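From a predicted model like this one, the values you see are computed outputs, not experimental measurements.
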Amino acid sequence: MACTTIGLFMLLTLCIVSAEKRNVLIILADDYGFENQAYNNTVCQTPHLNKLASHSVIFKHGYTAVSSCSPSRSSILTGLPQHQNGIYGLAGGIHHFHAFDEIRSLPVILKDANIRTGIIGKKHVQPDTVFKFDYERTEEQYSMMQVARNITFMKELVHEYLNVNDTRPFLLYVAFNDPHRCTADFEHGEFCEMFGNGQPGKGVIPDWKPIHYKPEDVELPFFIQDTPAARDEIAKQYTTISRMDQGIGLFMKELEQAGFSDNTLVIFTSDNGIPFPGAKTNLYEKGMGEPFLVSSPYHKKRWGQVSDDLVSSLDIIPTVLDWFDLSFPDYKLFNEKVKLSGKSLLPALEKEQPTWDTVFASHDFHEITMNYPMRVMKHKNYRLIHNLNYRMPYPVALDVGLSATMRDILNRTEAHQKTGWYKTLDEYYYRDEWELFDVSKDPHELNNLAQDPHHLNVFQDMKKKLSSWQYETGDPWRCSPEGVYVDAGVYSKDPFCLSLLNVPPK
């Protein structure tokens with residue numbers, strides 16, 4: 001903000017605001033949904049999230065760009081959908097999806113602007129050369145349990161980062177592993193809810209006061225069946241959420257004590273939907289929808305207000321760059337100039353933005369065995385899903401497949417008993433190529449309108465816009481499933497979709 005001669009007092013005020021150091025704190029939950037009072041859950045106790053929400057704009061329609069861990073984090077840190085940045089699935093182990101070397105991630109962009117960067121907790125993106133922070137305390141240096149679930153240890157790392165002798169503005173990215181499932185490691189419970197609770201062999205997290213819930217008291221979302229197995233899991237999940245919530249309280253206190261509360265933008269969201277069938281790795285409302293809080297000390301007039309604007313995790317980088325008054329760098333990927341498809345959220349901290357009525361998402365893999373590409377457009381009340389691999393059964397993530405909730409569905413189905421679930425397994429596994437839902441009238445997304453003549457115009461218009469977004473973001477799957485995109489060699493200047501004549505017989 002430049003200083004202008006509009007009166008001495010105002011001039012001084014503008015100069016002070018212009019020169020004031022601004023910082024950013026991003027807090028990312030892991031497999032978290034809407035289990036807090038800001039989003040109308042009355043059972044799961046989250047007083048610290050509630051306090052943050054009272055100092056935030058609460059986005060009612062916040063969405064992830066992809067409902068899978070590494071791809072989602074890559075989208076947050078690059079501002080690009082997973083099909084554009086190269087992390088098509090999980091980064092670790094045999095999955096081994098990495099971002100393209102040319103990608104300019106948020107910590108790299110900020111480092112070039114002399115803004116120090118730090119990450120504490122779960123990183124889960126590769127390669128390090130693309131996602132290099134100045135200060136790193138992640139699963140690459142410590143055990144995931146300690147660095148992303150032990151809120152006392154995390155608090156100490158936050159304190160260390162905030163109290164270093166460095167006067168530069170900063171970005172701190174704190175990523176929990178809570179309330180992710182304890183996949184195939186049930187020593188500490190389904191959701192690691194016993195980790196650090198003081199019981200023999202479970203260790204002690206000094207700052208955590210565990211909260212326990214009765215299965216009969218929990219609130220079940222519509223896509224989870226009302227059975228003892230499912231209720232028991234939700235109760236355990238709530239306990240883990242309360243640990244995360246108490247951690248958020250510790251971090252916010254550290255921010256205040258370090259003297260940064262009055263100049264730090266705080267963003268809270270999650271990577272993907274909760275780890276239950278129907279949510280995580282799906283791009284229906286409950287897999288794509290996320291809590292989304294943005295708190296600015298300079299925009300107090302909208303604190304505690306609920307916004308109907310549609311926002312996305314792809315909007316985080318534009319927001320951070322806008323906060324620091326920086327531009328997105330000029331660089332190319334596969335000879336094409338890279339452009340952000342997200343937007344800065346700072347205008348929404350001033351007033352509602354009625355034109356923010358559309359978001360996009362894409363999904364290709366989760367685990368290496370889970371090839372199920374989807375492209376999605378959410379426009380106002382409509383959601384359009386293109387299932388590119390629709391002839392194959394939808395694959396289930398390992399942690400969801402091992403869950404007591406999923407096994408309950410499987411066992412009841414095999415025994416020809418009523419599952420109490422909102423779908424049959426066949427309906428869940430086998431999906432139409434195109435799915436169109438009016439979520440205002442069909443919140444459970446069970447009535448596919450793609451072939452409804454009364455919605456033909458909506459369907460065709462959204463298909464066209466979804467295809468345009470795929471081309472704008474360099475989607476390698478832009479011609480799938482009936483064809484393949486050809487842009488190599490002699491076709492580089494005149495690329496086209498090559499039909500493979502693989503349309504299934506009617």
message: Testing the 3.5 Å rule here: is there a donor-acceptor pair between the side chains of Asn448 and Asp432?
response: yes
- prompt: Are side-chain N/O atoms of Gln225 and Thr405 paired as donor and acceptor at under 3.5 Å?
  reply: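 There is no such pair between these side chains.
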Are the aromatic rings of [X] and [Y] close, with centres under 6.0 Å apart?
| X | Y | value |
| --- | --- | --- |
| Tyr491 | Phe496 | yes |
| Phe176 | Tyr32 | no |
| Phe131 | Tyr173 | no |
| Phe59 | Trp356 | no |

Is [Y] paired with [X] through a side-chain N to carboxylate O contact shorter than 4.0 Å?
| X | Y | answer |
| --- | --- | --- |
| Asp364 | Arg375 | yes |
| Glu350 | Arg302 | no |
| Arg383 | Glu285 | yes |
| Arg181 | Glu233 | yes |
| Asp128 | Lys123 | yes |
| Arg73 | Asp30 | yes |

Atom of Leu314, atom of Ser341 and distance for their closest heavy-atom approach: CD1-OG, 3.8 Å
field: Heavy-atom closest contact (Ser362 atom, Leu283 atom, distance)
entry: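 Scanning both residues, the minimum pair turns out to be C-CD1, 4.0 Å.
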Under 3.5 Å: donor-acceptor pair, side chain of [X], backbone of [Y]:
| X | Y | value |
| --- | --- | --- |
| Thr269 | Phe292 | no |
| Asp245 | Ile241 | no |
| Glu193 | Phe191 | yes |
| Gln353 | Lys351 | yes |
| Asn177 | Lys122 | no |
| Asn41 | Cys44 | yes |
| Thr358 | His379 | no |
| Arg407 | Leu402 | yes |
| Asn85 | Ile103 | no |

task: Could you check Thr78, Val125, Leu77 and say which one makes a side chain to side chain contact (heavy atoms under 4.5 Å, CB included) with Ile87?
output: Val125
statement: Between Asn387 and the options His363, Glu433, Met374, the side chain to side chain contact (heavy atoms under 4.5 Å, CB included) test singles out Met374
field: From Tyr284, Tyr428, Tyr430, residue fulfilling ring-ring contact (aromatic ring centres under 6.0 Å, His included) relative to Tyr394
entry: Tyr428
field: Candidate list Phe100, Trp469, Trp477, test ring-ring contact (aromatic ring centres under 6.0 Å, His included), partner His83, passing option
entry: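 Among Phe100, Trp469, Trp477, the one meeting ring-ring contact (aromatic ring centres under 6.0 Å, His included) with His83 is Trp469.
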